[in-house]
Amino acid sequence: MSNPAHPIDRRKFLRAAGLAGAALPGMTTLAAAEAAKPDPLITDVQDWQRYLGDGVDKRPYGSPSKFEKHVVRRDVPWLTASPESSVNFTPLHELEGIITPSGLCFERHHSGIAEINPADHRLMINGLVERPLVFTMDDIKRMPRVNRICFLECAANSGMEWRGAQLNGCQFTHGMVHNVMYTGVTLKTLLDEAGLKPTAKWLMLEGADAAGMNRSLPVEKALNDVILAFAMNGEALRPEQGYPLRAVIPGWEGNLWVKWLRRIEAGDKPWQTREETSKYTDLLADGRSRRYTFIMDAKSVVTNPSPQAPLKFKGRNVLSGLAWSGRGTIKRVDVSIDGGQNWQTARIDGPVLDKSLTRFYVDFDWDGQEMMIQSRAMDSSGYVQPTKEELRKVRGVNSSYHNNGIQTWLVRSNGETENVEIG
Ligand code: MTE
Ligand code: CO
């Protein structure tokens, strides 16, 4: 669209930008030829310059640009019988840095989202304690506060991939993970108020949702670093994430992070709840099960390129990915483009925090060759992320939980990317 009132002298503009005449170093000849033609996006006045925009009273609570509508959580309808007992996935391929925006954190509910008025919420501590107590949200918010960034990964993340490559997109293969800053009080603060009896070795955490989801947690972990959070990313928890109160169990499987937390009972042994017997145990090839497999081992995934984010350009490109470990910090991430034969060390950028997502990059030139992209994380305990083959040798293929094997993406010469396995 041209604007007769304010004609722009195109030549002057191009000269000022250094674009007239020769191509910039690094520019392809196509881009140089394009630069020689008038670009109406530069020369014409656009609607967003012509008309006034929305005023400050239009959006009391902001939301993303309408051009970002595709950046959403997605579910896989055939995975579960109903959306209330189901999961949706974080769009990892659309995210940057290490913090997951609250509205994009994957959700996993066993009986849907409980909508609780915080004024009606109570947290009871009972069982093997000197003083059984009931806390209101106001009581909890008057206790000393802590802030912490950490990842939550569902034990079933990548669970559909145990027997072979299945879902086409890192959102679906790896998107049951999120990483936010929590604010809350340490569980130790509340347990000290109640006074744990010396015989108390386990706690049972119970949710106020229709599932009344509950899990047993060793007292040692509870006193070490567990937080009862009422805020995430600087604002109140979202209902999906357990508003008004959830357990934060750094580095341990998501199932323990009880949402809508209403009760903590202290006992001398685990409760053998559904979530630690028939579910969230890892069935081995010989029929035995691993149980209480709490820690999420080191894992990583290349988020770009990936099936939902194919390569669009030859030449300069950014490979980007995420790594995390429930045992500490990420020490190193290696990336292979030939299916694990040769490796190069990726560049880690941004904060490297304990039990948090960590961002890595490889800046590369692509000549259109087919690639088998993999990433391999190493953590501060010395643990190295295994291949899927190595994992299957030890664990078999019966389990849906704790699959932290190395992911392979096949990038075709047209840039299209697919979930594959080498073997
Ligand atoms: N807590 C309650 N009360 N009910 C639930 O269904 N799901 C658990 C856990 N806490 C669940 C719960 C599971 S399996 C996971 S992986 C995490 O919450 C998911 O947390 P998110 O929905 O915030 O991603
Ligand atoms: Co889970």
Side-chain angles (χ1 to χ4, degrees), residues 73-75 79-92 95 99-116 121-123 149-160 171 174-182 184 203-217 226-233 235-264 271 273-282 293-296 299 324 326 357 399-404:
R73 301 185 278 224
R74 291 191 178 82
D75 64 333
L79 273 184
T80 54
S82 82
E84 291 80 20
S85 181
S86 193
V87 59
N88 60 26
F89 301 88
T90 308
L92 296 177
L95 302 183
I99 296 292
T100 316
S102 299
L104 294 175
C105 287
F106 86 92
E107 302 166 61
R108 169 78 178 104
H109 323 299
H110 290 78
S111 291
I113 302 165
E115 293 275 0
I116 303 175
H121 191 68
R122 300 289 180 270
L123 172 69
I149 295 173
C150 50
F151 76 82
L152 180 168
E153 184 182 17
C154 180
N157 198 19
S158 314
M160 286 74 76
Q171 178 165 19
H174 289 74
M176 285 162 86
V177 67
H178 53 61
N179 200 61
V180 311
M181 177 180 279
Y182 296 97
L203 303 176
M204 191 269 287
L205 275 54
E206 180 186 86
D209 51 338
M213 211 213 77
N214 60 350
R215 273 296 297 255
S216 307
L217 175 74
V226 172
I227 298 168
L228 305 190
F230 47 79
M232 62 193 279
N233 290 339
E235 61 181 356
L237 288 177
R238 294 286 168 90
E240 301 93 302
Q241 265 67 48
Y243 180 88
L245 191 68
R246 94 169 301 167
V248 170
I249 325 270
W252 286 25
E253 66 183 17
N255 186 254
L256 286 143
W257 298 46
V258 174
K259 302 191 276 191
W260 312 290
L261 181 68
R262 71 183 292 269
R263 193 165 71 90
I264 297 174
W271 273 255
T273 74
R274 171 186 180 273
E275 307 296 321
E276 54 210 26
T277 51
S278 84
K279 305 290 174 203
Y280 301 97
T281 48
D282 317 334
T293 44
F294 297 130
I295 298 179
M296 301 310 293
K299 187 164 172 177
W324 61 96
L357 294 192
S399 176
S400 359
Y401 305 117
H402 294 278
N403 180 359
N404 67 325

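Note that ligands are numbered from 1 as they come in the structure, with each ligand's atoms numbered from 1 the same way. Given the structure is predicted, the values throughout are model-derived calculations rather than measurements.
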Within the 4.0 Å heavy-atom sphere of ligand 1, strictly under, residues: F106, E107, R108, H109, H110, L152, C154, H178, G207, D209, M213, E240, Q241, R246, G254, N255, W257, V258, K259, W260, Y280

Gap separating the CH2 atom of W260 from the NE2 atom of H109, nearest 0.5 angstrom: 5.5 Å

Do you see a donor-acceptor pair shorter than 3.5 Å between the side chains of [X] and [Y]?
{"X": "N255", "Y": "R215", "result": "yes"}
{"X": "E253", "Y": "H402", "result": "yes"}
{"X": "Q171", "Y": "R74", "result": "yes"}
{"X": "E276", "Y": "S216", "result": "yes"}
{"X": "N179", "Y": "T100", "result": "no"}

Check ion pair E107-R238 (N to O, under 4.0 angstrom):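 Between R238 and E107 there is no salt bridge, as every charged N stays at least 4.0 Å from the carboxylate O atoms.
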
Note: R108-E240 ion pair, threshold 4.0 Å (strictly below):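 Looking at E240 together with R108, the answer is no, because their closest N to O distance does not fall below 4.0 Å.
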
Mutual orientation of the aromatic rings belonging to W324 and H174 [parallel < 30°, tilted 30-60°, perpendicular > 60°]: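 Plane angle over 60°, so perpendicular.
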
Protein N/O/S count near the Co ion (ligand 2) (criterion: distance under 2.8 Å): 1

